[in-house]
Amino acid sequence: MLLLSVLKSRFKRHNIYEMNKTEEQKLLEGARDFDNAALAQIYDRYSPGLYQYAMRLLGETQISEDCVAETFSRFLNALQQKSGPREHLQAYLYRIAHNWITDHYRKAPIPPLDIDEQRVVDPGGLPHEELEYKTLTQDIRMAILQLTPEQRQVIVLRYLQDWDYQEIANVLIKTVGAIKALQHRGLENLKNLLESSEINIGGKA
Amino acid sequence: MIDPLDPKLAKEFDKLRSVPNRDDEKAIKGRAIFLAESHRIQQTVSNSEMLRHKGWNHNKSWTTRIFRKETSPMFTTLVSAFLTIVLILGGSGVTVAAAQSSNSDDFLYPLKLFSEDIRLDLTGPSTETLQLEMEFLKRRSLELQDLVSQDKVASTGLTNRIQNEINSVLQAAVGLDLVEREQILQQIRTQMQLQEQLLQKLQDGTGATNTSQLRTMLQDRIRLLDYANEDPLMTQDQLQQKIQDQIREQTQLKEQEQLQNRTQQPSDTGNSQPNQYQTGQPENPNGNGSTQVAPDLSDGYGYGQTDTPGWPTEQPNGWGGSGKNRP
C-alpha cells in the first residue's frame, strides 16, 4: 500500500514536471521571438519564486528586488544576443540569480558567524515584518552563506524551494548523484556551523 | 519528497520558509520595467539576425568569404590594376620574346632592335656592353645568312644598323687593353668578313646593289684592322683616330648623297628617282655609290686596295693605294 502511494506520488510529480517542461519550452520560444505575452507570463511565473529565493539568502526586500530585476534584465540581454537558454528556463533564471547573489556577497563579504555580534547590528529603516524576518533567520542564513556556493544552492533549492534533484541538477549542470553528494556535505557543514554557533551563544550567555 | 532532515535544521529552515510577502507595488514596477525593456529591444532589433546582416557570414565557409558576390570597390580596382600590369608586362614580354627570333623583313624586327637598344642602355660596365654588341653583331650575320638563303634583299634599316653597330663596337674595342683589344678586334674582323661575304652573295643572288656601300665600308674596316695588325708601331690612339676618321668620312658621304638627292628631286618626274637608302640604287655611275671623299689621314698613314670595286686606287690624300705607302 505504501509502495503504491509512493509510486503514485512519483508518477504525479513526473507528469507535472513534463507538463511544466512543455509549457516552459513554449514560453521560451515566445521569449526568443520577443513575444510580450510570453515574456509577461515568464515574469509572472518565475519572479515570485526568484524573489523568495533571493530573500532567503539576502534577507532584504530591496536587494532581493534588485536581484530579481537584474536576473530578468540579463535574461533579455541573452535573448538579444541569441545566446539565451534553449531549455530549462527556470534553471537558467535561478542560475543567474544565484550568481548575482554570489557576486553581491563577494563585493560585500559575509561577516564571520558570530551570532551575538550580528544581533547587535541595527538593521535600521526596515519594515517591521522584514526586520523580524531578518532577525529571526539571521542564524540559519549566516550559516548557509558560509557554505560553498554549490552546497548553498543545493540546500536552498532542495529544502526551501522544494525542488527535486533533477531540477537542481539542471541549474548546476551536474548529475543527480553529484547533487545528492553536495546536499549531504552541505547539511553536514550546516549542522556543524549551527552547533558551533550555539556553543558560542551558550558560552557568552 | 524531501529527505528526512535533522529536527534542528528543519526548524531553522522553517524560519526561512516564511518569507514576508512581496510588495505588490514593487513587483508591478519590476514587471513593467522588464516588459518595457523587452519592448525597447524588440523595436531596435529585428527578429531574425539574418535579416540584419549581423554576423550572418560568420558561419559561412571560407570559399564564400573569398568568392563573394559583392566585392568592395577597392578590391575591384586593385584586381583591375593588377591584371592591367600583368597584361602589359606579361603580354609585352611575350611579344618581345617572340620578336627575338624575327628576321629583318618581319614586322616584329623593329621591336627586336628596340629591345637590343634597351639592353645596351641597361648594361652597366663597358666590357659587358662590348660583349653584348658583339652578340648583336653576330645576330646581324645570321640575319644576313637568312636573307641569302631566302634570296631576299637586305633592307636599308638592316644595313644602317650593321654600319652603326660595327662603328660602335670598333670604337669600344680600341679602348681596351692590348691583349683584349687584339682578341676582340679579331672577332670583329671575322664577323665583318663574314658579313661582307654574305652581302656579296646577296648582291650576286638578287642583283640588288643597295648593300654595296655597306660592303665598301666593311672592306675599309677590314683593311684598317689588317693594317693595324701588321703594324706593331701603330699606337692605340692612332688606330682610334683612323676609325674615327673613317666614321667621319662615312657620315660626310651620307650627307653629300642626301644633299644630292634633294637637289635632284625638283627635276624628277615624281618619285621615279628614290633615295639611295630606300632603293639601294647608287647614284654614282660606277655603281657602288662610292662618291665619298677619301679619308683624310694627316699622319700620312695610308693603305689601299685594288680589288674593291669602285674604291679609287689612288686617293687624293694618299690614303688609298696598295699599302706600300705605309711608313
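Chain naming here is simple, since letters A, B, ... match the order of the sequence lines and numbering starts at 1 in each. From a predicted model like this one, the values you see are computed outputs, not experimental measurements. Below, all heavy atoms of this structure are taken into account, side chains as well, without hydrogens, waters or symmetry copies.
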Margin query: I'd like to know whether NZ of A/K191 has more than 12 heavy-atom contacts from other residues, nucleotides or ligands below 6.0 angstrom.
Written below: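 At most 12 heavy atoms, drawn from other residues, nucleotides or ligands, come within 6.0 Å of this atom.
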Item checked: Interchain contact, B/L16 with chain A, by part (heavy-atom threshold 4.5 Å) ->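 For B/L16, the contact with chain A is made by backbone and side chain together.
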Notebook entry, point to check: Any idea which heavy atoms bring B/V19 and A/Q52 closest together, and the distance?
Noted result: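 Of all heavy-atom pairs spanning B/V19 and A/Q52, the closest is CG2-O, 4.2 Å.
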Next item on the list: Please lay out, stage by stage, how A/D66 and B/K26 fare under the test salt bridge (charged side-chain N to carboxylate O under 4.0 Å, His left out).
Entry: CA-CA 10 Å; A/D66 291 344; B/K26 288 182 179 178; over 6 Å; no
Notebook entry, point to check: Does some side-chain heavy atom of B/D6 sit less than 4.5 Å from a side-chain heavy atom of A/L187?
Noted result: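 Answer no - side chains too far apart.
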Notebook entry, point to check: Does a side-chain heavy-atom distance below 4.5 Å link B/L35 with A/L39?
Noted result: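 In contact.
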Margin query: With side chain to side chain contact (heavy atoms under 4.5 Å, CB included) as the criterion, how do B/L9 and A/L194 come out once you've worked through the C-alpha distance, each side chain's angles and the decisive distance to 0.1 Å?
Written below: CA-CA 8 Å; B/L9 278 177; A/L194 287 173; 3.4 Å; yes
Could you tell me which portion of [X] (side chain, backbone, both or neither) has an atom closer than 4.5 angstrom to a non-hydrogen atom of chain B?
| X | value |
| --- | --- |
| A/F72 | both |
| A/L79 | neither |
| A/L57 | neither |

Looking at [atom1] of [X] and [atom2] of [Y], how far apart are the two atoms once the value is rounded to the nearest 0.5 Å?
| X | Y | atom1 | atom2 | answer |
| --- | --- | --- | --- | --- |
| B/S38 | A/F75 | OG | CZ | 10.0 Å |
| A/Y51 | B/N21 | OH | CG | 8.5 Å |
| B/E12 | A/R141 | CD | CZ | 12.0 Å |

Check: For the residue pair B/F13 and A/Y159, does the interplanar ring angle fall in the parallel (under 30°), tilted (30 to 60°) or perpendicular (over 60°) class?
Finding: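 Because their plane-to-plane angle is under 30°, the rings of B/F13 and A/Y159 count as parallel.
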Item checked: side chain to side chain contact (heavy atoms under 4.5 Å, CB included) between A/S47 and B/R31, intermediate numbers included -> CA-CA 9 Å; A/S47 69; B/R31 185 179 188 271; over 6 Å; no
Which of the residues [options] is involved in the greatest number of heavy-atom pairs with chain B at under 4.5 angstrom?
| options | value |
| --- | --- |
| A/V68, A/L76, A/N77, A/T137 | A/L76 |
| A/I144, A/V156, A/D44, A/I155 | A/D44 |
| A/A69, A/P48, A/A40 | A/A40 |

Margin query: Applying side chain to side chain contact (heavy atoms under 4.5 Å, CB included) to A/L190 and B/K8, what does each step give before you reach the verdict?
Written below: CA-CA 11 Å; A/L190 200 57; B/K8 288 182 181 178; over 6 Å; no
Note to self: Could you walk me through whether A/E65 and B/R22 satisfy the salt bridge (charged side-chain N to carboxylate O under 4.0 Å, His left out) test, starting with their C-alpha distance in whole Å, then the side-chain angles of each, then the deciding distance to 0.1 Å, before giving a yes or no?
What the structure shows: CA-CA 9 Å; A/E65 288 289 352; B/R22 189 182 182 189; 2.8 Å; yes
